[in-house]
*Asks:* 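Let me give you the structure first, and then I'll get to my questions.
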2 protein chains.
Amino acid sequence: MTSSSRHLYQQIADDIRAQIADGTLVAGDQLPTEAELQERYDTSRHTARTAIAHLVQEGLVISRRPRGHFVRERRPMVYRPQSEFKRKPPELDIFMTLMADDGRMAAQDIDVAIVEGSPDVRQRLQLADGELAAVRRRVRKVEGEPYNINDSYFRLSDVQGSEIMHPANVERGTNQVMDELGIGQAKCLDEIYVRMPTPDESHRLQLLPGTPVAVHIVTGFDGDERPVQCVVNVLAGDRHVIVYERIRPQAESNQ
Amino acid sequence: MTSSSRHLYQQIADDIRAQIADGTLVAGDQLPTEAELQERYDTSRHTARTAIAHLVQEGLVISRRPRGHFVRERRPMVYRPQSEFKRKPPELDIFMTLMADDGRMAAQDIDVAIVEGSPDVRQRLQLADGELAAVRRRVRKVEGEPYNINDSYFRLSDVQGSEIMHPANVERGTNQVMDELGIGQAKCLDEIYVRMPTPDESHRLQLLPGTPVAVHIVTGFDGDERPVQCVVNVLAGDRHVIVYERIRPQAESNQ
DNA sequence: CAGCGGGCATTGTCCGGTCAATCCGAACCA
DNA sequence: TGGTTCGGATTGACCGGACAATGCCCGCTG
């Protein structure tokens with residue numbers, strides 16, 4: 001069927017991948033079982049397994065033991081870092097309607113702690129030696145499934161005794177609270193890293209094998225360029241699209 | 001050493017992962033060989049291999065056959081979607097200096113073609129049935145290593161006969177050319193998807209196993225909300241940080 | 001008809017092995 | 001001294017096998 005220079009497990013994977021690409025196999029379909037592949041390609045179970053394992057690592061296929069392997073589906077939700085600063089809901093949504101954005105934030109587990117913070121966080125908050133941070137840790141869930149991990153770090157001295165330290169949902173938003181505390185953000189810097197999850201993240205987000213994560217770090221600065229907040233978001237790659245809108249600086253129509 | 005309920009290959013992987021986390025093993029260090037692990041944990045080579053394979057898929061470890069397995073290093077370059085629209089180089093670079101941003105764009109291979117375009121692209125450009133697109137495909141390299149794939153799609157009717165159709169570097173930038181053609185962009189929409197690479201992408205970007213990609217799609221609109229350009233960037237996850245700056249709308253200091 | 005339980009198909013974890021491919025370095029030769 | 005050859009260490013690609021874990025279905029039972 002395929003060329004002979006490639007390894008057998010690659011040929012098997014290629015064949016299945018091609019079937020997924022051309023629509024012979026669609027999302028939700030079951031793949032041939034390991035035993036079937038073993039027979040069809042006249043090989044060992046080990047080689048058939050290796051082929052499937054590669055497809056799993058590519059995020060194309062999931063295993064539902066002991067039912068078999070299935071073609072994976074992908075339904076990303078829109079993740080919009082800018083919405084934090086925007087009053088109006090976004091316009092510019094030509095194709096957005098495709099996305100499954102219906103299911104609402106059902107729940108979020110919140111806990112608050114006083115911590116040292118990782119070097120990454122300490123650096124971004126420009127904490128002095130020995131200075132501590134407060135962190136609000138949230139796991140956001142949609143329909144029971146965890147969607148992202150959201151850890152917001154503050155200088156402890158900025159927020160001590162405030163509403164931010166209470167492990168309850170702040171209805172009007174923590175940004176509003178920060179404004180009231182006189183540490184409102186004037187601008188912020190977003191960094192997005194892409195990598196495979198740690199086993200811990202994988203567990204907390206209930207990620208399937210072959211699912212990378214996006215780490216979105218927001219460092220907020222007040223009017224004097226002083227960092228006042230550092231938010232670390234870990235997003236499941238298969239459940240998100242990150243969206244930004246950009247307007248050209250000297251644009252004529254700034255509706 | 002570790003608990004017994006977890007599987008043996010997981011224990012081995014956990015131990016090595018812990019050593020990487022706590023600095024016993026640092027970037028570039030060699031891992032124990034499969035034979036060593038086999039003996040140390042009194043197991044089969046297969047199990048030792050499985051443990052290492054997991055670490056490879058997590059992006060923590062690379063194989064340099066036949067020298068052994070090594071702790072992977074990560075040196076991301078800053079990728080700044082907004083720079084396209086900014087005249088001045090960015091300010092707000094408190095910790096940016098950490099990043100290895102020194103090596104310059106050494107080369108980029110360009111080719112131009114007239115294509116139908118994938119459904120994704122057609123939809124974003126709002127192409128009518130049968131309408132064709134022009135595409136400038138680029139692979140950008142730094143020091144010989146490919147860094148990202150950059151495919152810019154245009155409506156063929158917009159750019160036919162223009163400089164954009166020439167497979168050569170356009171010194172003053174294609175955006176400038178588009179302005180001159182009267183199809184300048186007023187705003188644009190960025191989408192960022194995170195997933196594992198296809199084998200083709202993996203090959204073109206020379207990705208190591210366990211490296212996800214970010215797909216950054218920019219749809220550019222003119223003053224009348226008409227899409228005039230759609231750029232698809234595929235970025236190697238281990239070689240990029242995506243960075244945005246955001247200024248609060250009604251900010252007082254808009255320096 | 002509902003609930004329980006046991007068989008069964010399938011994947012997951014392990015064991016054992018062989019041979020090939022690859023890079024390094026040391027030994028050897030010109 | 002400089003190049004070349006060759007062996008060794010290591011990973012990669014396969015083979016074969018055994019048993020465990022897990023849902024699902026079906027048939028039995030109350």
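The sequence lines fix the lettering, A, B, ..., with proteins before strands; numbering per chain opens at 1.
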*Asks:* Quick one: which of Asp109(B), Asn150(B), Asp151(B) gives a side chain to side chain donor-acceptor pair (under 3.5 Å) with Arg138(B)?
*Replies:*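 So, applying the side chain to side chain donor-acceptor pair (under 3.5 Å) to Arg138(B) and each of Asp109(B), Asn150(B), Asp151(B), only Asn150(B) qualifies.
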*Asks:* Determine the contact category for Leu8(A): base if any of its heavy atoms lies under 4.0 Å from a base atom, sugar-phosphate if only primed atoms, P, OP1 or OP2 are that close, otherwise nothing.
*Replies:*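 Result for Leu8(A) = sugar-phosphate.
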*Asks:* Which is it for Thr24(A) and Asp22(A) under the side chain to side chain donor-acceptor pair (under 3.5 Å) test, yes or no, and what are the steps along the way?
*Replies:* CA-CA 6 Å; Thr24(A) 310; Asp22(A) 75 13; 2.5 Å; yes
*Asks:* Can you give me the N/O atom pairs linking the protein to nucleotides 23-27 of chain C at distances under 3.5 Å, or say none if there are none?
*Replies:*
none

*Asks:* Quick one: how far along DNA chain D does chain A reach, first to last nucleotide 5' to 3', anything under 4.0 Å to a heavy atom?
*Replies:*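 Reading along DNA chain D, I get dA13(D) to dC24(D).
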*Asks:* Report the distance from atom CD1 of Ile12(B) to atom C1' of dT13(C), rounded to the nearest whole Å.
*Replies:*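 For the pair Ile12(B) CD1 and dT13(C) C1', the rounded distance is 12 Å.
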*Asks:* Using atom CD of Glu34(B) as one end and atom P of dC15(C) as the other, report the distance to the nearest whole Å.
*Replies:*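 These atoms are roughly 14 Å apart.
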*Asks:* Side-chain N or O of Ser63(A) less than 4.0 angstrom from OP1 or OP2 on dG12(C)?
*Replies:*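 Checking Ser63(A) against dG12(C): at least one side-chain N or O falls below 4.0 Å of OP1 or OP2.
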*Asks:* When Arg49(B) is tested against each of His54(B), Gln38(B), Glu34(B) for side chain to side chain donor-acceptor pair (under 3.5 Å), which residue passes?
*Replies:*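 The single option meeting the side chain to side chain donor-acceptor pair (under 3.5 Å) with Arg49(B) is Glu34(B).
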*Asks:* To the nearest 0.5 Å, what is the distance between NE2 (His69(A)) and CG (Leu60(A))?
*Replies:*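 So the gap between those two atoms works out to 12.5 Å.
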*Asks:* I want to check one thing: is the phosphate of dC14(C), taken as OP1 and OP2, less than 4.0 Å away from some side-chain N or O of Thr43(B)?
*Replies:*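 Checking dC14(C) against Thr43(B), no side-chain N or O comes under 4.0 Å of OP1 or OP2.
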*Asks:* With a 4.0 Å cut-off, would you call Arg74(A) and Asp238(A) a salt bridge?
*Replies:*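 Judged by the 4.0 Å cut-off on N to carboxylate O distance, Arg74(A) and Asp238(A) do not form a salt bridge.
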*Asks:* For the pair made of CG in Leu208(A) and P in dG12(C), what is the distance, rounded to whole Å?
*Replies:*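 That distance rounds to 12 Å.
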*Asks:* Give me the atom names and distance for the closest heavy-atom approach of Leu125(A) to Phe154(A).
*Replies:*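 Shortest heavy-atom contact: CD1-C, 3.9 Å.
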*Asks:* In whole angstrom, what separates Ile62(A)'s CD1 from dT10(C)'s C1'?
*Replies:*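 Distance check: Ile62(A) CD1 to dT10(C) C1' gives 15 Å.
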*Asks:* So, taking the atom named CG in Leu37(B) and the one named CG in Asp42(B), what distance separates them when rounded to the nearest 0.5 Å?
*Replies:*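 If we round to the nearest 0.5 Å, Leu37(B):CG and Asp42(B):CG are 12.5 Å apart.
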*Asks:* Could you tell me whether the phosphate oxygens of dT10(C), OP1 or OP2, come under 4.0 Å of any side-chain nitrogen or oxygen in His69(A)?
*Replies:*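 For His69(A), the contact criterion (side-chain N or O under 4.0 Å from OP1 or OP2 of dT10(C)) is not met.
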*Asks:* For this output row, return yes or no: ring centroids of His46(A) and Tyr9(A) closer than 6.0 angstrom.
*Replies:*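 No, the ring of His46(A) stays outside the 6.0 Å limit from the ring of Tyr9(A), centre to centre.
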*Asks:* Please compare Thr50(B) and Arg45(B) by the position of their nearest nucleotide in DNA chain C and report the one closer to 5'.
*Replies:*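 It is Thr50(B) whose nearest nucleotide is closer to the 5' end.
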*Asks:* Quick one: side chains of residues 207-218 of chain A, donor-acceptor pairs under 3.5 Å with protein atoms, not counting sequence neighbours, listed by atom name and distance.
*Replies:*
from, atom 1, to, atom 2, distance (Å)
Thr211(A), OG1, Arg72(A), NH1, 3.3
Thr211(A), OG1, Arg72(A), NH2, 2.6
Thr211(A), OG1, Leu208(A), O, 2.7
His216(A), ND1, Tyr79(A), OH, 2.6
His216(A), NE2, Asp190(A), OD2, 3.2

*Asks:* Name the nucleic acid region contacted by Arg49(B), choosing base, sugar-phosphate or nothing; use a 4.0 angstrom heavy-atom cut-off, strictly under.
*Replies:*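 Base: the residue Arg49(B), judged by heavy atoms under 4.0 Å, touches a nucleobase.
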*Asks:* Separation of Leu37(A) atom CG from dA9(C) atom P, in whole Å?
*Replies:*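 One finds 18 Å between P of dA9(C) and CG of Leu37(A), rounded.
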